[in-house]
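Heads up, the thing below is written out as structure tokens.
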Amino acid sequence: MRGTCVVEPDADMAALDALSHKYTGKPFPERGDWGVVLRITVTQYLYQDLPFEHTPA
């Protein structure tokens with residue numbers, strides 16, 4: 001993948017808290033002024049279809 005990235009401050013830790021609530025049901029435990037959000041916009045991508053068939057056991 002190729003794209004552009006924008007760094008945004010997240011001082012109130014809203015993005016990390018949202019992820020933490022989704023997976024643990026609690027806010028992110030470590031607080032600080034280091035919170036950032038990386039917003040990535042994909043401009044190009046390449047993929048390959050593999051000749052395998054999904055057959056779960």
Side-chain angles (χ1 to χ4, degrees):
M1 286 191 252
R2 290 184 183 201
T4 57
C5 180
V6 176
V7 180
E8 299 174 354
D10 187 25
D12 60 351
M13 307 287 281
L16 280 174
D17 281 341
L19 282 172
S20 185
H21 274 286
K22 179 177 180 178
Y23 292 105
T24 68
K26 301 175 186 172
F28 194 73
E30 295 182 26
R31 309 314 282 180
D33 58 352
W34 46 267
V36 296
V37 173
L38 303 176
R39 302 250 182 231
I40 301 169
T41 303
V42 177
T43 56
Q44 290 181 316
Y45 63 93
L46 177 67
Y47 70 95
Q48 180 178 4
D49 283 325
L50 297 175
F52 299 113
E53 195 173 310
H54 180 65
T55 54

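- The minimum heavy-atom distance between A15 and D10, with the atom names listed, is N-OD2, 3.0 Å.
- In the hydrophobic clustering, where aliphatic and aromatic side chains (Ile, Leu, Val, Met, Phe, Trp, Tyr) are joined below 4.5 Å either directly or transitively, L16 groups with M13, F28, W34.
- At least one side-chain heavy atom of L38 sits less than 4.5 Å from a side-chain heavy atom of V7.
- Under the 4.5 Å side-chain heavy-atom criterion for Ile, Leu, Val, Met, Phe, Trp and Tyr, V42 and L46 are members of distinct hydrophobic clusters.
- Not one N or O on the side chain of T41 forms a donor-acceptor pair closer than 3.5 Å with the backbone of T4.
- The main-chain N or O of K26 is found under 3.5 Å from a side-chain atom of S20 such that the two form a donor-acceptor pair.
- For the pair C5 and R39, the minimum side-chain heavy-atom distance is 4.5 Å or more.
- In this structure, the separation between CZ on R31 and CG on D12 is 8.0 Å, given to the nearest 0.5 Å.
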